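Here the structure is a predicted model, which means the values were calculated and not measured. One-based numbering, in listed order, for ligands and for the atoms of each.
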Amino acid sequence: MPCISRANNPEKENSKELEHILKNIYQTFSQSINVLLLGTGESGKTTICKQMKILHINGFTDEEKSSRIPFIKQNVHESVFSMVSASSKINPPVEIKDSKAKQSAAYILQIGPDGPPEWTNEYIDHVKILWADPDIQTVFQRSNEYQLIDSTQQVICLFLQVFDGGIQAILFLIAASDFDQTLREDERVNRLKEAFHVYEEIFWSRFVRGAGFLIFLNKQDLLRKKIESGRKIENYFPDYINYKQTNGTNQSDEYEVVKGFLKHKIMEISQRDPDAVSRHIMKDVVVKPVVVTRNVYVHYTTATDTDNVKLVFNDVRDLIIEMNVQTFSPI
Ligand SMILES: Nc1nc2c(ncn2[C@@H]2O[C@H](COP(=O)(O)OP(=O)(O)OP(=O)(O)O)[C@@H](O)[C@H]2O)c(=O)[nH]1
Ligand SMILES: [Mg+2]
């Protein structure tokens with residue numbers, strides 16, 4: 001039987017070995033792909049991670065569920081406390097007219113922001129009365145005028161350096177419904193504008209030049225509700241008017257036009273090369289602009305809806321593998 005050795009046929013052996021190595025690399029990368037999940041404060045990062053756990057790691061154990069109870073209680077109290085406090089501070093203020101609700105409001109205020117030491121029936125009854133009260137519902141509807149749940153707006157740019165080179169795809173979350181809200185840290189800054197700004201910084205960061213981007217325009221359920229209740233995005237993004245006149249004339253549904261506009265903003269940022277500005281400074285030198293070809297995909301998501309996340313992830317999984325094949329293809 002003929003035996004092909006390296007000495008016999010080195011070229012063929014080398015090419016086989018190479019093929020084997022490349023196949024391994026390809027398999028490793030298509031099985032394990034590093035995806036970095038980023039987004040500004042409260043855009044839905046934790047919710048997306050939880051949904052992935054529900055969809056792919058058989059949900060949560062009873063112990064894990066129990067461990068969340070104190071956080072849920074804390075969130076409930078913070079929300080009720082914030083609404084009652086805000087009712088007299090927003091302009092114009094909302095007067096709680098019902099006498100029972102007034103008593104409940106005083107009860108909650110007297111407990112303070114940290115919540116009761118124990119969740120007694122009395123406490124729960126007061127929360128129920130307040131949530132059912134139409135004036136508190138009005139305060140809830142105006143939640144863009146104050147901060148409803150306490151959390152920290154965080155930019156994760158610092159972490160990018162840690163992941164230098166090891167990231168194939170970045171999943172960037174933006175809360176699309178934030179268009180009429182301001183940052184907790186700085187009430188002069190529009191939340192959605194800040195999210196676009198952070199996206200721009202990360203997209204053009206030299207640390208992730210090789211990564212493809214998947215942008216989740218999240219909280220679509222809230223965006224739809226806001227638009228359908230008559231909130232005007234042009235009050236915060238005046239360029240919407242121009243976009244609507246040129247792109248939205250065939251759409252009867254305002255929400256669909258708004259979706260298109262937000263995607264358009266993302267694509268605009270992703271095509272604008274900030275380095276081009278500095279190139280113009282060199283007057284007499286002709287510098288050819290660098291054409292950056294990168295994968296950018298926009299998805300509309302509702303992270304709290306497991307079925308929606310499941311659908312989106314089926315699409316996204318294929319896209320991520322495809323992007324990766326383009327970057328690391330052995331062929
Ligand atoms: N209605 C609605 N609520 C959402 C959606 N996604 C997230 N939320 C809610 O928005 C809040 C913030 O979501 P998180 O997942 O905690 O956001 P995060 O990005 O992890 O926030 P930080 O860790 O504070 O930066 C939570 O109350 C979520 O339940 C969505 O698509 N629709
Ligand atoms: Mg989180």
- [ ] I would like to know whether Phe213 and Tyr199 meet ring-ring contact (aromatic ring centres under 6.0 Å, His included); could you show each step before the answer?
- [x] CA-CA 10 Å; Phe213 270 78; Tyr199 169 66; 5.6 Å; yes
- [ ] Please determine if Glu145 and Lys89 form a salt bridge, counting it only when a charged side-chain N lies under 4.0 Å from a carboxylate O.
- [x] no
Task: Passing candidate, side chain to side chain donor-acceptor pair (under 3.5 Å) with Glu228, options Lys226, Arg224, Arg231, Lys225 - done: Arg224
TODO: Output yes when the distance from some N or O of ligand 1 to some N or O of Ala303 is under 3.5 Å, and no in every other case.
DONE: yes
Open item on the list: Taking only non-hydrogen atoms of Gly41, do any sit less than 4.0 angstrom from ligand 1?
Closed with: yes
Task: Structural part of Thr47 in contact with ligand 1, heavy atom criterion under 4.0 angstrom - done: both
Open item on the list: Under a 4.0 Å threshold between the charged nitrogen and the carboxylate oxygen, would Asp133 count as salt-bridged to Lys100?
Closed with: no
- [ ] Before accepting this row, confirm whether a basic side-chain N of the pair Arg191/Glu42 lies closer than 4.0 Å to the acidic partner's carboxylate O.
- [x] yes
Open item on the list: So for ligand 1, is Thr302 a polar contact partner (N or O within less than 3.5 Å, distance only)?
Closed with: no
TODO: Decide whether an N or O pair under 3.5 Å exists between Thr301 and ligand 1.
DONE: no
Task: N/O separation below 3.5 Å, Gln220 to ligand 1 - done: no
Open item on the list: For a quick check under 3.5 Å, do Glu118 and Tyr123 share a side-chain donor-acceptor pair by atom type?
Closed with: no
Open item on the list: Taking 2.8 Å as the cut-off, does Thr47 contribute an N, O or S atom near the Mg ion (ligand 2), distance below it?
Closed with: no
Task: From the candidates Glu42, Gln51, Lys219, the one that places a heavy atom nearest atom 5 (C) of ligand 1 - done: Lys219
